[in-house]
Amino acid sequence: MFHTSDGDAMSQVRVRFAPSPTGFLHIGGVRTALFNWLFARQQNGVFVLRIEDTDQSRSTDDSIQAIVDGMRWVKLDWDEGPFRQTERMDLYRDHAVRLFEQGHAYWCVCTPEELETRRKDAETKGGSPKYDGRCRNLGLTKPPGEAALRFKAPQDGQTVVDDLIKGRVVFDNQILDDLIILRSNGYPTYNFSVVVDDASMGITHVVRGDDHLTNTPRQIPIFQALGFPLPRFGHLPMILGSDKARLSKRHGATSIMAYKEMGYLPDAMVNYLVRLGWSHGDQERFSREELIEKFSWKNVQTSAAVFNPEKLLWLNAEYLKTSPPTEIAQALVPLLEQAGLKDEVRACSIEWIAQLVVLVKERTKTLVEMVHWVTPYFGEVVVFDEEAAKKFLTSTHAAVLTKLVERFEALPTFSKHEWEEAFKKLVAEEGIKMGQLAQPVRVALTGRTASPGLFEVMEVLGRDRTLLRLRRGIERASRS
RNA sequence: GGUCCCAUCGUCUAGCUUGGCCUAGGACGGAGCCCUCUCAAGGCUCAGACACGGGUUCAAAUCCCGUUGGGACCA
């Protein structure tokens, strides 16, 4: 009943994501979750969320919430869970006892100090540092006091992992240690609780980080001793920082929610993360539906990948440019409110904010940048950037600006085309260059020297506010 | 130290299974040019890699062996 063939027909695919609650959800974790999720959705399978909190003595509801929030933000929905290992302690103990009763485990009374000295001894003599098996054949029944339960690992033959990603990996069983499965404090160890969980949750494909590959031959004999069918295993390559060391905080933000705060779109994050270790020819952009359809283990990379924030930024900009403006506007609203524009935002429609998005989306790479670009369009008047005003709103500019306002006022309604005509005509008559009038107008309208096209700006502002701001600009110019 | 994994432009990768279509393709980043009312965006162009050494073969990025270099795990 040990099935190891791929897909294994009839049975439904069940995969899991099993993060430990470390306070936040790491982007490496998100990528692991993503591959599992894609496979589950593609196979019409089940995606389980499990919190591995046995080791984490101070694992809190807060950190579980952080995982849940992170998963929700990137829209990776799970079908079962979140389960917590700390709520399943009886299950681990029962299985441990079963292993003991069936002769697959034994009590060990060696103290950590004894183990340490014997290990060092063995090492100086050139031996292996693994447990020397002193208690293996003592036949101890649950002894009083401190004792740990050890698993009797096979000592000959080989354990073969037919990995979904790495292919066939062979381990000699001689290297296998008699792992502690229950500590003297009654807590299960990692390698034991994962097996019990994966088996009892009916996980068919265990897909996790590369760092667990060498744990796999330790776990397989436990599945077998417990009489459980073996799942398929898949080990994803790690994500590295720019110095090729494991990605960590010193490389920059690693929490998925930090990217939310920096103004990244969840779809861009997912798209970037999936391409870090997976590819489909030369394609760079994928919708969720496409990913679900095209995902395949055979296109998962075997080597580690360096996280490249610049490419992520580019992708985010792509998403900003091509996503429906209303969607972007909705994501932008909370950030605008945080930026102190609560009243202003409430005073206008989402459609108008979407117009702002269209106005600036070509020139921003994150929502945070977008907030900065979009702020001048809220409110009646604008705050001048001092340097910009000093340069472009001077007495020399006042005259021509006044002429411009007069011509605009002569046009009863705003029309982008007509106003542009009027503008160009004035420039021609004055014998100046476009820029000589455009920059002062730009500063008057937006307060800054860089903005979208002037006539698009006027369109968004509307006739009245355009004229008002121009007059304010003239006032400022005349004063200087 | 032992075991295991990995190795194509600076980075992400295509190609590797089933050798020839590869004077190695795409993307990010970089450089330059064009467009232009500013800032962007966009278009075009350029620089840039098969870790090394041996085999096998008419032919190797692709297959085999070794070396080196990274990484993970066990302690």
Side-chain angles (χ1 to χ4, degrees), chain A residues 115-116 118-120 122-131 158-159 161 163 165-177 179 190-191 208-218 235-247 271-285 298-318 320-322 359-365 369 372-373 388 391-392 420 423-424 427 432-443 445-446 448-458:
Chain A
L115 291 170
E116 185 59 28
R118 273 191 265 150
R119 183 182 303 126
K120 276 185 182 152
E123 268 180 53
T124 48
K125 287 173 188 154
S128 107
K130 71 180 197 180
Y131 179 62
Q158 296 178 323
T159 296
V161 181
D163 197 274
I165 294 157
K166 306 271 183 189
R168 196 180 139 90
V169 185
V170 182
F171 299 86
D172 277 328
N173 288 342
Q174 289 163 29
I175 61 150
L176 260 31
D177 210 340
L179 288 181
Y190 169 76
N191 278 306
R208 76 248 279 200
D210 222 343
D211 45 345
H212 285 115
L213 182 59
T214 50
N215 277 329
T216 310
R218 299 180 234 280
H235 290 91
L236 297 164
M238 307 261 80
I239 300 183
L240 274 25
S242 49
D243 57 357
K244 309 249 180 172
R246 205 183 182 129
L247 188 66
N271 197 150
Y272 177 74
L273 255 16
V274 80
R275 280 286 289 103
L276 206 54
W278 176 85
S279 61
H280 186 264
D282 287 337
Q283 193 173 343
E284 294 288 351
R285 292 198 48 186
K298 86 173 198 310
N299 294 321
V300 174
Q301 197 74 7
T302 49
S303 52
V306 173
F307 181 79
N308 183 349
E310 274 157 359
K311 188 156 184 179
L312 169 61
L313 191 62
W314 165 78
L315 240 196
N316 200 57
E318 288 293 302
L320 246 26
K321 276 181 278 190
T322 56
L359 188 67
V360 304
K361 66 180 184 175
E362 307 282 282
R363 14 184 83 74
T364 63
K365 292 182 190 293
E369 282 180 30
H372 174 258
W373 272 79
K391 190 166 176 193
F392 292 110
E420 186 166 356
F423 186 101
K424 285 185 171 159
V427 165
I432 56 176
K433 286 184 195 163
M434 266 302 265
Q436 290 176 279
L437 182 55
Q439 282 306 77
V441 170
R442 172 166 286 113
V443 176
L445 257 25
T446 69
R448 324 218 264 231
T449 52
S451 85
L454 279 186
F455 305 100
E456 284 75 34
V457 166
M458 292 179 192

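Letters A, B, ... mirror the listed sequences (proteins, then strands); counts begin at 1.
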State the pairing partner of [N]; accept Watson-Crick or G-U wobble contacts with both distances under 3.5 Å, and report none otherwise.
N     : result
B:C39 : none
B:A14 : none
B:U3  : B:A72
B:A51 : B:U67
B:C22 : none
B:A59 : none

From [X] [atom1] over to [Y] [atom2], what is the distance, rounded to the nearest 0.5 angstrom?
X        : Y        : atom1 : atom2 : answer
A:Lys365 : A:Lys321 : NZ    : NZ    : 6.5 Å
A:Phe307 : A:Leu273 : CZ    : CG    : 7.0 Å
A:Leu454 : A:Glu420 : CG    : CD    : 9.0 Å
A:His212 : A:His235 : NE2   : NE2   : 7.5 Å
A:Leu313 : A:Glu318 : CG    : CD    : 11.0 Å

Protein-nucleotide distance ([X], atom [atom1]; [N], atom [atom2]), rounded to Å:
X        : N     : atom1 : atom2 : value
A:Asp172 : B:C4  : CG    : C1'   : 11 Å
A:His235 : B:U3  : NE2   : P     : 20 Å
A:Leu359 : B:A41 : CG    : P     : 16 Å
A:Glu362 : B:U38 : CD    : P     : 16 Å
A:Ile239 : B:C6  : CD1   : C1'   : 16 Å
A:Arg218 : B:A72 : CZ    : C1'   : 11 Å
A:Ile175 : B:A75 : CD1   : P     : 12 Å
A:Asp211 : B:C73 : CG    : C1'   : 8 Å

Using atom [atom1] in both nucleotides, what's the gap between [N] and [M] to the nearest angstrom?
N     : M     : atom1 : answer
B:U3  : B:U18 : P     : 29 Å
B:A24 : B:A75 : C1'   : 44 Å
B:A7  : B:G55 : P     : 24 Å
B:C4  : B:C50 : C1'   : 25 Å
B:A49 : B:U11 : C1'   : 12 Å
B:A59 : B:C33 : P     : 47 Å
B:U67 : B:C28 : P     : 40 Å
B:G48 : B:G10 : P     : 10 Å

If you assign each of A:Val170 and A:Asn215 to its closest nucleotide in RNA chain B, which residue comes earlier from the 5' end?
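Looking at RNA chain B, the more 5' nearest nucleotide goes with A:Val170.
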
So, does [X] use its side chain to make a donor-acceptor pair with the main chain of [Y] at under 3.5 Å?
X        : Y        : result
A:Tyr272 : A:Asn308 : yes
A:Asp211 : A:Met238 : no
A:Gln301 : A:Leu276 : no

At under 4.0 Å, does any side-chain N or O of [X] touch on OP1 or OP2 of [N]?
X        : N     : answer
A:Lys321 : B:G42 : yes
A:Thr302 : B:A7  : yes
A:Arg363 : B:G42 : no

Protein-to-nucleotide contact annotation, 5' to 3' order, nucleotides 12-34 of chain B [B base; S sugar-phosphate only; - none; under 4.0 Å, heavy atom]
BSS----------BBBSS-----

Select base, sugar-phosphate, or nothing to describe what [X] touches, counting heavy atoms under 4.0 Å on all strands.
X        : result
A:Arg448 : nothing
A:Leu454 : base
A:Pro452 : base

Taking the six-membered ring for Trp, are A:Phe423 and A:Phe455 parallel (under 30°), tilted (30 to 60°) or perpendicular (over 60°)?
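The rings of A:Phe423 and A:Phe455 stand perpendicular, inter-plane angle above 60°.
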
Taking the minimum atom-to-atom distance to the side chain of A:Glu318, which one of B:C37, B:U3, B:G42 wins?
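Nucleotide nearest to A:Glu318's side chain: B:G42.
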
